[in-house]
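To start, the structure itself, in structure tokens.
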Amino acid sequence: MEGPTMSDAAAEAVPEHRYTAALANTIEQRWQEHWTERGTFEAPNPVGPLKGDVPDDKLFVQDMFPYPSGAGLHVGHPLGFIGTDVFARYHRMTGRNVLHTMGFDAFGLPAEQYAVQTGQHPRKTTEENVARYLKQIRRLGLGHDERRRVNTTDLSYYRWTQWIFLQIFNSWYDETQDKARPISELEAEYAQDKRRTPDGRGWCELTVVEQRKIIDSHRLVYLSEAPVNWCPGLGTVVANEEVTADGKSERGNFPVFRKNLRQWMMRITAYADRLVDDLDLLEWSDQVKSMQRNWIGRSKGAHIRFPAGDDAIEVFTTRPDTVFGATYMVMAPEHHLVDRIVPDAWPADTDERWTGGHATPKEAIAEYRRAASQKSELDRQENKEKTGVFVGVFATNPVTETKIPVFIADYVLMGYGTGAIMAVPGQDQRDWDFAKVFGLNIVRTVQPTEGFDGEAFTGEGVAINSSQENGLSLDGLDVDEAKKTIITWLEQNGHGEGRLQYKLRDWLFARQRYWGEPFPVVYDEDGLPRALPETMLPVELPEVDDYSPRTFDPDDADSEPSPPLSRASDWIDVELDLGEGKKTYRRDANVMPQWAGSCWYQLRYVDPTDEERFCEPENEKYWLGPQPQVHGPDDPGGVDLYIGGIEHAVLHLLYSRFWQKVLYDLGHVSAKEPYRRLFNQGYIQAYAYTDARGVYVPAEEVVERDGKYFWNDQEVKQEYGKMGKSLKNVVTPDEMCERYGADTFRFYEMAMGPMDVSRPWATKDVVGAQRFLQRIWRNVVDETTGALKVSAEEPDEATLRALHKAIDGVHADYANMRFNTAGAKLIELNNHVTKAYGGKPAPRSVVEPMVLMLAPLCPHIAEEMWSALGHDGSLAHGPFPVADERYLVEDTVEYPIQVNGKVRARVTVPASATQDEVKAAALAEEKVAALINGGEPRKVIVVPGRLVNVVV
RNA sequence: GCCCUUGUAGCCCAACGGAAGAGGCACCGGACUCAGAAUCCGGUCAGUCCAGGUUCGAAUCCUGGUAAGGGCACCA
């Protein structure tokens, strides 16, 4: 590879002390060692093992911690890490106590899959990858508190993950207080008969097993025999959030099947309202907030019961105002009521389209269910043609009191609402489509807007065709009024009630894998779960011969999970004393999902070495507690700045908020939310090139000529997207550090654009950052002798103005994460200094603040220059220069004068001039006077400090 | 289909509703050189995706398109 700045022939011409890649590397290594030796970035805690003197003013900056993959880093990965580092360094220099570190989210499938392939223990793979990862990120000069690194796979970490699991397990959600409470308080309520048992018997009349089952059914973690996402190709179940829109597993892209299995669930739905409502307290982007709202999917509506024989079909609808237009009903094919209400024969004169050609309703239903179960998710996606079959019964519309037919159809989903709908074809397109296929009545109950020629009308309008003879009428009401009126009527007449409905489901919390946290739970002879006491933590992951779960043909929906831990028989069967003497118990063979460890790591960063608690309350309060005096009365607390990719918008960020709220309810933490401010960084993308055969060629070797791209003289096609090995367009940070130095790399990466926008990588542009650092270096150090090159001279007025303007702007840019413009302002200032002083030494009083301001972006070279300037200590803790107001205001101001919006002239007036004086000066200007031509201007707008606009 | 983001020089990107340009890359010229490289000095290049609207004034605010990226999707 070619050198960055010189060819071999020219090497001897390079001055000895020029800031080359080689010199940068020497400087960088030296300062990284100094920082480590001196513990420069260690942030003290108020109490505990990391106790120290703490200022009140603190800042907690956190990156979404990485999964240490075997592939290593490319230049896109550290974008966020460098951003947080610049931000943290800036604030540290202003005197704040800054907590910034980075740990590893190291449980998970890749290490396990690698282990399966190679037979190497996942712990070994993980350790190797972490070591490699650390080597790569350390080279970037990130100012992390190394004492606070955590790894979710360490026993000292996951014992506390298990401890939190037990907290959640030993809690229930009290709807009346709207918070989680210890399960013991629920037991007490039952024992004192303050709470009714489901069948009305007294608590003492129940057997212990019956009592435990009732209690277990209230826990925030519970075992449920329910349809889960079974993925035979992975050999495990996965959460709803891990299933893609087309019914595949997010990892591996294997088909996922709904299957009834007994699995651990976490009752995240209990928090649905608070998870939605508290989004308003967070400084997060609207995008992420709307994704979370969308996922939780709270909608307001009503439950309405439609009598059908001796039963009633309950539906959920968001449009109870349209109930007069409900001309038929649809139940999900698997709805339990179907088999109860289905008659033996079709009613007389049943439409042939409704029977599917079957002799009896039972046959038709069985056949429809069979066909539906064979449809993959993808079929359902692609083919939205409405199908269904008549159940053979009629229900009664409670407002019109007419008989309406009941169907089953797969466009109604069992998993949402009640699994049944009232169909209102006039106001719902899906119902319209179905009605057309089956020849059903359509009644409009909302007046469509004039000129509407569509089918179902879903817009706003007044109700029509919506009145009963005996009084109830919605006619003439708008949608909102009609909803209120009908809900009141339904409630008064016992036909239904207003309800909130959520898309959010409980969180499936078990995986049939090896490399994860074991559950701190055992099963007794009744097959019921028993939480282990805290004293028995941690439950250590056992050694096994085979790390893989049994996986199956990805399409084998009938396969059964067989987790690796179930084969560790020495571990599975265990003798314990849980207060009833030694007995044999059976451990849980599942492990927790990968998200578990990342649900609470910000808390462990705060107190990483505490062996008594997961996090000392005083430390939690200091770093994460609400700060109403700074952030307002509703401040929920949490990490001050959390940076990561948008891909975790739903999964990690929702789970983490849920755990935080449980811990908050139980009084373990003072913050309601884990991350007060979230910032999603953009991605660094790259061009890739394919030749005529569609094969990727090395992007590095492609040249551009006249808008076309060539590799080895053959034309190639350009693509734009991710960096990846297979695309042959990977650029690594190590490579950049070698060719230019870490500071140049950091500067370039931050200069590329705003933090939140994706942008293309361009190696050829990096040299610009290096040239800047060479120029600033040259203003401090003589390239030939290496001697310090500043003067004691007072800077001239123009330089002072340039300096203080830069200080003022750079401050604001750093504080608002505009690192690209902060860099540009530093270049501007340095260019001014270079020009103003030519080859002569520049004044120390200008050079020093410039060096300090560079430090957050390029800490190594800044430290080196700071030390060359004669300072002993590190500049990591400041000072950061402060702008002198005097130099920010100009003596005179030049005003452009617009006439009717076009700039026609300029006048220069003293900065102290009043608006009237500016106006007078503007009108007196000869070109302006000529344009006005003696007349009176209609209006004169003076924008102080900016311009004058004359309207004639 | 619905929701969110973003469209400014050849490229990456700046610009509290107030003079379209801060910075970098590329390109061109000059100084320095025997020459080149490096360095220094200077310069070329867009009227802000399109169409309306608000305003004295719009890259910026509003409406409707369009293109790219992302999310959700038979959710009643």
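Convention: sequence-line order gives letters A, B, ...; per-chain numbering from 1.
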Identify each atom pair where a protein N or O and an N or O of nucleotides 23-30 of chain B are less than 3.5 Å apart, giving names and distance.
unit_1: C25(B); atom_1: OP1; unit_2: Arg771(A); atom_2: NH1; d: 2.6
unit_1: C25(B); atom_1: O2'; unit_2: Lys764(A); atom_2: NZ; d: 3.2
unit_1: C25(B); atom_1: O2'; unit_2: Asp765(A); atom_2: OD1; d: 2.6

Residue Gln287(A), side-chain atoms from C-beta onward, closest of A38(B), G70(B), C72(B): G70(B)

Output the rounded distance in Å from CZ (Arg778(A)) to C1' (A38(B)). 8 Å

Partner of U48(B) under the Watson-Crick or G-U wobble criteria, both distances under 3.5 Å, comes out as none

Ile646(A) or Pro760(A), whichever maps to the more 5' nucleotide of RNA chain B: Pro760(A)

Examine A76(B): is either OP1 or OP2 under 4.0 Å from a nitrogen or oxygen in the side chain of Ser299(A)? Give yes or no. yes

Report the distance from atom CD1 of Ile897(A) to atom C1' of G18(B), rounded to the nearest whole Å. 14 Å

Could you state the CE-C1' distance from Met291(A) to G70(B), rounded to the nearest angstrom? 8 Å

From the candidates C3(B), C41(B), G18(B), the one with an atom nearest any side-chain atom of Thr834(A) is C41(B)

Please determine, for U54(B), whether a Watson-Crick or G-U wobble partner exists with both distances under 3.5 Å, and give it or none. none

By the 4.0 Å heavy-atom rule, please label Arg946(A) as base, sugar-phosphate, or nothing. base

My understanding is that a pair needs two contacts under 3.5 Å, Watson-Crick or G-U wobble. By that rule, which nucleotide pairs with C2(B)? G71(B)

Both distances below 3.5 Å, Watson-Crick or wobble geometry, any strand: find the nucleotide opposite C27(B). G43(B)

Would you say Lys503(A) places a side-chain N or O within less than 4.0 Å of OP1 or OP2 belonging to A76(B)? no

For a ring pair (Phe, Tyr, Trp, His ring centres under 6.0 Å) with Phe747(A), tell me which candidate from Phe772(A), Phe819(A), Tyr740(A) qualifies. Phe772(A)

Rounded to whole Å, OH of Tyr411(A) lies from C1' of G1(B) at a distance of 17 Å

For nucleotides 55-57 of chain B, tabulate all protein N/O to nucleotide N/O atom pairs closer than 3.5 Å, reporting atom names and distance.
unit_1: C56(B); atom_1: O2; unit_2: Asn949(A); atom_2: ND2; d: 2.3

Classify the angle between the aromatic ring planes of Tyr748(A) and Trp761(A) as parallel (below 30°), tilted (30 to 60°) or perpendicular (above 60°). perpendicular

Any salt bridge between Arg293(A) and Asp280(A), counting N to O under 4.0 Å? yes

Is there a Watson-Crick or G-U wobble partner for C32(B) with both distances under 3.5 Å, and which nucleotide is it? none

Within residues 324-332 of chain A, those residues having any heavy atom closer than 4.0 Å to RNA chain B are none

Within the 4.0 Å heavy-atom criterion, would you say Glu894(A) contacts the bases, only the backbone, or no part of the nucleic acid? base

In whole angstroms, how far is the P atom of G69(B) from the CG atom of Asp756(A)? 19 Å

Residue pair Ala420(A)/Asn294(A) against RNA chain B: nearer the 5' end by closest nucleotide is Asn294(A)

Mind checking Ser758(A) for me? I need base, sugar-phosphate or nothing, with any heavy atom below 4.0 Å counting as a touch. sugar-phosphate

Across all strands, who's sitting opposite A22(B) as a Watson-Crick or G-U wobble pair, both distances under 3.5 Å? none

